[in-house]
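In what follows, a single structure is set out as structure tokens and then discussed.
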Amino acid sequence: QVQLVESGGGLVQAGDSLRLSCATSGRTFSSYAMGWFRQAPGKEREFVSAIGWSGVNTVYADSVKGRFTISRDNAKNTVYLYMNSLKSEDTAVYYCAAKRALYSSSAYVAKDDYDYWGQGTQVTVSS
């Protein structure tokens with residue numbers, strides 16, 4: 001069982017930056033692919049970014065490409081999402097997710113690929 005705890009959300013103005021963190025429990029973090037998703041009110045949960053277990057492979061949604069950066073620190077069992085040039089449309093609850101991926105260094109974009117989810121952290125961007 002893996003527990004995920006997101007932090008770093010808050011209320012910011014358009015153009016500001018935030019760093020989200022997702023701390024995980026367990027000793028096998030390095031064998032998990034990780035992802036960030038978000039859900040705005042009245043909308044479905046959507047993919048934001050993902051990273052393979054090694055950190056080499058990353059993928060981004062078109063809406064955040066060039067503004068957001070995902071990274072991971074396997075020694076700290078933590079994955080990060082650096083968000084720059086925030087826009088009002090980035091307002092959502094951001095969720096961290098983990099997928100067992102011992103034999104693949106791929107990054108995964110589908111919600112159904114993931115095995116564990118955090119409780120989410122609210123990001124609100126005022127225009």
Side-chain angles (χ1 to χ4, degrees):
Q1 188 76 11
V2 175
Q3 292 185 329
L4 312 175
V5 179
E6 302 96 335
S7 62
L11 172 62
V12 297
Q13 294 186 335
D16 285 350
S17 300
L18 276 177
R19 186 189 76 168
L20 302 185
S21 300
C22 174
T24 70
S25 64
R27 295 175 291 179
T28 58
F29 175 73
S30 59
S31 64
Y32 284 82
M34 302 296 295
W36 286 97
F37 292 76
R38 65 187 181 186
Q39 188 166 18
K43 295 188 177 181
E44 292 191 359
R45 193 171 298 189
E46 65 174 5
F47 169 76
V48 175
S49 183
I51 188 168
W53 70 263
S54 69
V56 171
N57 294 317
T58 60
V59 63
Y60 298 90
D62 288 343
S63 59
V64 306
K65 201 171 294 183
R67 300 188 298 122
F68 290 12
T69 302
I70 190 170
S71 68
R72 65 188 295 159
D73 186 336
N74 287 346
K76 295 183 177 180
N77 290 358
T78 301
V79 63
Y80 304 97
L81 185 68
Y82 297 85
M83 305 186 296
N84 296 317
S85 302
L86 283 162
K87 306 175 181 179
S88 58
E89 50 263 46
D90 295 318
T91 294
V93 177
Y94 283 71
Y95 297 91
C96 173
K99 170 184 170 51
R100 289 183 293 266
L102 183 59
Y103 302 107
S104 172
S105 61
S106 299
Y108 298 86
V109 304
K111 295 191 297 290
D112 291 344
D113 284 335
Y114 287 85
D115 302 302
Y116 303 100
W117 292 84
Q119 294 300 307
T121 185
Q122 177 71 47
V123 172
T124 303
V125 184
S126 63
S127 57

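The structure presented is a predicted model; accordingly, all values stated were derived computationally and were not measured.
Crowding of Q3 atom CD: a count of heavy atoms from other residues, nucleotides or ligands under 6.0 Å not exceeding 12. Taking a 6.0 Å sphere around CH2 of W53, one finds it holds 12 or fewer heavy atoms contributed by other residues, nucleotides or ligands. More than 12 heavy atoms of other residues, nucleotides or ligands sit less than 6.0 Å from atom CD of E46.
Heavy atoms only, all atoms of each residue included: S71 and V79 are closest at O-CG2, 3.1 Å. Across Q119 and E6, no two heavy atoms sit closer than the pair N-OE1, 3.1 Å.
The only member of Y32, Y116, Y95 that meets side chain to side chain contact (heavy atoms under 4.5 Å, CB included) when paired with L4 is Y116. Between L86 and the choices T91, V12, T124, the side chain to side chain contact (heavy atoms under 4.5 Å, CB included) rule is met once, by V12.
Of the possible polar contacts, none joining the S106 side chain to the S104 backbone as a donor-acceptor pair under 3.5 Å is found. A donor-acceptor distance shorter than 3.5 angstrom exists from the side chain of T24 to the backbone of N77, with no hydrogens or angles considered. Without hydrogens or angle criteria, S88 side chain to S126 main chain gives no donor-acceptor distance under 3.5 Å. T69 places no side-chain N or O within donor-acceptor distance of the main-chain N or O of Y82, the cut-off being under 3.5 Å. At distances below 3.5 Å, not a single donor-acceptor pair connects side-chain atoms of Y114 with backbone N or O atoms of A33.
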Next item on the list: May I have the step-by-step check of salt bridge (charged side-chain N to carboxylate O under 4.0 Å, His left out) for R100 and D115, ending in yes or no?
Entry: CA-CA 7 Å; R100 289 183 293 266; D115 302 302; 3.6 Å; yes
Item checked: Step-by-step side-chain contact (heavy atoms from CB on, under 4.5 Å) determination, L20 to M83 -> CA-CA 8 Å; L20 302 185; M83 305 186 296; 3.7 Å; yes
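Look at D62 and K65 and you find a salt bridge, because one of the NZ, NE, NH1 or NH2 atoms lies within 4.0 Å of a carboxylate O, short of that distance.
Contact check for W117 versus C96: no side-chain heavy atoms found under the 4.5 Å cut-off.
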